[in-house]
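In each ligand, atom 1 is the first atom listed, and ligand 1 is the first ligand listed. Everything numeric here is computed off the predicted structure, so don't read it as measured data. We use all heavy atoms of the structure for the numbers below, so side chains are in, but hydrogens, waters and symmetry mates are not.
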Amino acid sequence: MKIALFASGTGSNVRNIIKHFEKNKNVEIASVFSNKANAGALLHAIEAGIPTYVFSNQELTDVDSVYKIIEKQELDLIVLAGFLLKIPKLFISKFEGKIINLHPSLLPKFGGKGMYGTHVHRAVLAANELETGITIHYVNENYDKGAIIKQFKIDLTESDNLEAVQEKIKWLEKTYFPITIEELTNKL
Ligand code: GRF
């Protein structure tokens, strides 16, 4: 079973996923892709000896670029872990049902274009939500609209500020994202 990770940011999820699957001999994290040359996610991959690929926005949509590399890797799953660009139609048609994303809210609430990172948490706080959580879902052509695989919730209290919400979400991601990916690979 081969998985590629796509990430744009610090890569705490990339790190957790890599660590988790070091113990699973049936699953190989085959590659880590990023549109940001300075993404922390790339460092976690390099440290673990996993091949990395950096590409421009244009190269993501170019049929002869990222797509060609991905095709050669014969992947079973593509995991978006904090990846901020829209996945091109070409990928979605070729890898239907094999691309999943992590979103830091209980979709359909607080999803869609522009809803990432602290934008999500600020919106959750502004709406005085009593709970928040993470959603792991399939990727389709619309931002954050693909079928939901699993959601994990956590209560919010009145004293929770932005930092507290971020911490709660990070805890959910660390605890549940790798095992949800593993459950999926067991079904493939
Ligand atoms: C995570 O909160 C994830 O839910 C969202 O982007 C963030 C990425 O964090 N899609 P990191 O780069 O894995 O630390």
- Query: Under 4.0 Å from any heavy atom of N13, which atoms of ligand 1 are there?
  - Reply: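 Those of ligand 1 that fall under 4.0 Å from N13 are 1 (C), 9 (O), 11 (P), 13 (O).
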Say you draw a straight line from [atom1] of [X] to [atom2] of [Y]; how long is it, rounded to the nearest 0.5 Å?
| X | Y | atom1 | atom2 | value |
| --- | --- | --- | --- | --- |
| F152 | T132 | CZ | OG1 | 14.0 Å |
| L172 | T135 | CG | OG1 | 10.5 Å |
| K86 | I92 | NZ | CD1 | 7.5 Å |
| I78 | N101 | CD1 | CG | 12.0 Å |

- Query: What is the nearest protein non-hydrogen atom to atom 12 (O) of ligand 1, stated with its residue, atom name and distance?
  - Reply: G11 N, 2.8 Å
- How close does the nearest protein non-hydrogen atom get to atom 9 (O) of ligand 1, and which residue and atom is it? K170 NZ, 3.2 Å
- Query: Are any of the side-chain nitrogens in K170 or E167 under 4.0 Å away from the carboxylate oxygens of its partner?
  - Reply: no
- Query: Out of H44, E173, R15, who gets a non-hydrogen atom closest to atom 1 (C) of ligand 1?
  - Reply: E173
- Item | Proximal candidate to atom 11 (P) of ligand 1 [heavy atom criterion; set S12, S8, G82, G40] | S12
Report yes if [X] has an N/O atom closer than 3.5 Å to an N/O atom of ligand 1; otherwise report no.
| X | value |
| --- | --- |
| V14 | no |
| T10 | yes |
| L102 | yes |

- Message: Measuring from non-hydrogen atoms of G117 to any atom of ligand 1, is the shortest distance under 4.0 Å?
- Response: no
- Query: Heavy-atom count around E22 CD within 6.0 Å, excluding the residue itself: above 12?
  - Reply: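 Yes - once you tally the heavy atoms of other residues, nucleotides and ligands closer than 6.0 Å, there are more than 12.
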- Query: Are S31 and Q73 close enough that a side-chain donor and a side-chain acceptor fall under 3.5 Å?
  - Reply: yes
